[in-house]
Amino acid sequence: MRREFVPDPGASRAEMEAQQRDIAAAATFIDDFEFDSDAVGSDTGPLVAGVDQAFLDDRAVSAVVVTRGDSVVERAHAVSPLSIPYIPGLLSFREGNPILAAFEELSTEPDCVLFDGSGRIHFRQAGLATHIGVVLDVPSVGVAKNLLCGAPEASTEGLAAGERVGIDADEDVDAPAGTRIGYAVQTKQYESPNRHVNPLYVSPGHRVSAETAADWTLATAAGYKLPEPTRLADAHAADVKRTIDT
DNA sequence: GCGACAG
DNA sequence: ATCTTGTCGC
């Protein structure tokens, strides 16, 4: 892994932002992997890992769940102290090391990883998924429930399951205006107009294009809003948390 | 001062 | 993210 990019929570804000620019420069936002992208989500496809966290006071419970189609290949977790608060734009400096600790407990080598947060949809194009994806040099995708920055090319309301709307760079993003940095992806939707589900905001982490990131999210979603690897990681983190109590 | 943004 | 009962809708 790229040790020089491991997040340092003790760095100054300026240093953190400078490192994010270096990470964005080291990241690749085009497809760069060996496995068959169309097989993602199938039982004969690549190993897809999901990462999520739960919190207790100033500690983080990080969980990683590796899947292949409908089966769980391995689950791992780590409980780590949190040194800095949540700051929009600097999330990887708070949760990065706890996540890396969980990966150290993992014996499987996932082919790609889905993170809970943004990737390229970030002020300096270096969100959590991009940062950790570069450190581990693994194809990664950022799956967020809310939009950090960027502009949807069209309305993201009332989308049907399977649909997507492009998210482009705006003045808040360190990229040429109009650069496609991700997609609003509707993994689930109700038929009746009474109840509705908001889309997910998907962006490339590392070694994947925005289109492919959206494809994988839809391919691994199984009837729920969150893709399966992420749902399983969320559940695992919650399980570990309740085991620890307070 | 105003605006405002993942988890 | 987390604190939390009931409640609306399928």
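Just so it is clear: chains get the letters A, B, ... in the order the sequence lines come, proteins before strands, and each one is counted from 1.
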Kindly express the pairing pattern of DNA chain C in dot-bracket notation, using | wherever a base pairs with another strand and counting only Watson-Crick or G-U pairs under 3.5 Å. ..........
For atom [atom1] of [X] and atom [atom2] of [N], their distance in whole Å:
| X | N | atom1 | atom2 | answer |
| --- | --- | --- | --- | --- |
| A/Arg124 | B/dC5 | CZ | P | 15 Å |
| A/Leu148 | B/dG3 | CG | P | 19 Å |
| A/Leu82 | C/dT2 | CG | P | 12 Å |
| A/Leu147 | B/dA4 | CG | C1' | 13 Å |
| A/Ile87 | C/dA1 | CD1 | P | 18 Å |
| A/Phe93 | C/dA1 | CZ | P | 22 Å |
| A/Arg94 | B/dG7 | CZ | P | 13 Å |
| A/Tyr201 | B/dG7 | OH | P | 11 Å |

Decide, applying a 5.5 Å centre-distance limit and a 30° plane-angle limit (both strict), whether A/Tyr86 stacks on B/dG7.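 A/Tyr86 vs B/dG7: stacking yes.
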Tell me which nucleotide among [options] gets nearest to the side chain of [X].
| X | options | answer |
| --- | --- | --- |
| A/Arg195 | C/dT2, C/dC8, B/dA6 | C/dC8 |
| A/His122 | B/dC5, B/dA6, B/dG7 | B/dA6 |
| A/Phe123 | B/dA6, B/dG7, B/dC5 | B/dC5 |
| A/Asn194 | C/dC8, B/dG7, C/dC10 | C/dC10 |

Once the angle between the rings of A/Phe103 and A/Phe115 is folded into 0 to 90°, is it parallel (under 30°), tilted (30 to 60°) or perpendicular (over 60°)? tilted
So, is A/Lys241 near the phosphate of C/dA1, with a side-chain N or O under 4.0 Å from OP1 or OP2? no
Phosphate OP1/OP2 of B/dG7: any A/Asn146 side-chain N/O under 4.0 Å: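 The answer is yes; a side-chain N or O of A/Asn146 sits under 4.0 Å from OP1 or OP2.
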What is the nucleic acid contact for [X], judged by heavy atoms within less than 4.0 Å: base, sugar-phosphate only, or nothing?
| X | result |
| --- | --- |
| A/Leu90 | base |
| A/Ile121 | nothing |
| A/Ala60 | nothing |

Begin with the C-alpha distance, continue with both residues' side-chain angles, and end with the deciding distance and a verdict on side chain to side chain contact (heavy atoms under 4.5 Å, CB included) for A/Ile121 and A/Leu147. CA-CA 8 Å; A/Ile121 292 180; A/Leu147 190 59; 3.9 Å; yes
Residues A/Ala237 and A/Asp52: closest non-hydrogen pair is CB-O, 4.1 Å
Using only heavy-atom distances, determine whether the side chains of [X] and [Y] contain a donor-acceptor pair under 3.5 Å.
| X | Y | answer |
| --- | --- | --- |
| A/Glu95 | A/Tyr86 | no |
| A/Gln125 | A/Thr130 | no |
| A/Asp31 | A/Ser209 | yes |

First of A/Asp234 and A/Tyr190 reached from the 5' end of DNA chain C, by closest nucleotide: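 Whichever sits nearer the 5' end wins; that is A/Asp234.
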Would you say CG of A/Asp70 has more than 12 non-hydrogen atoms from neighbouring residues, nucleotides or ligands within 6.0 angstrom?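 No, not enclosed.
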Do the charged groups of A/Arg180 and A/Glu153 touch, with an N to O distance under 4.0 Å? yes
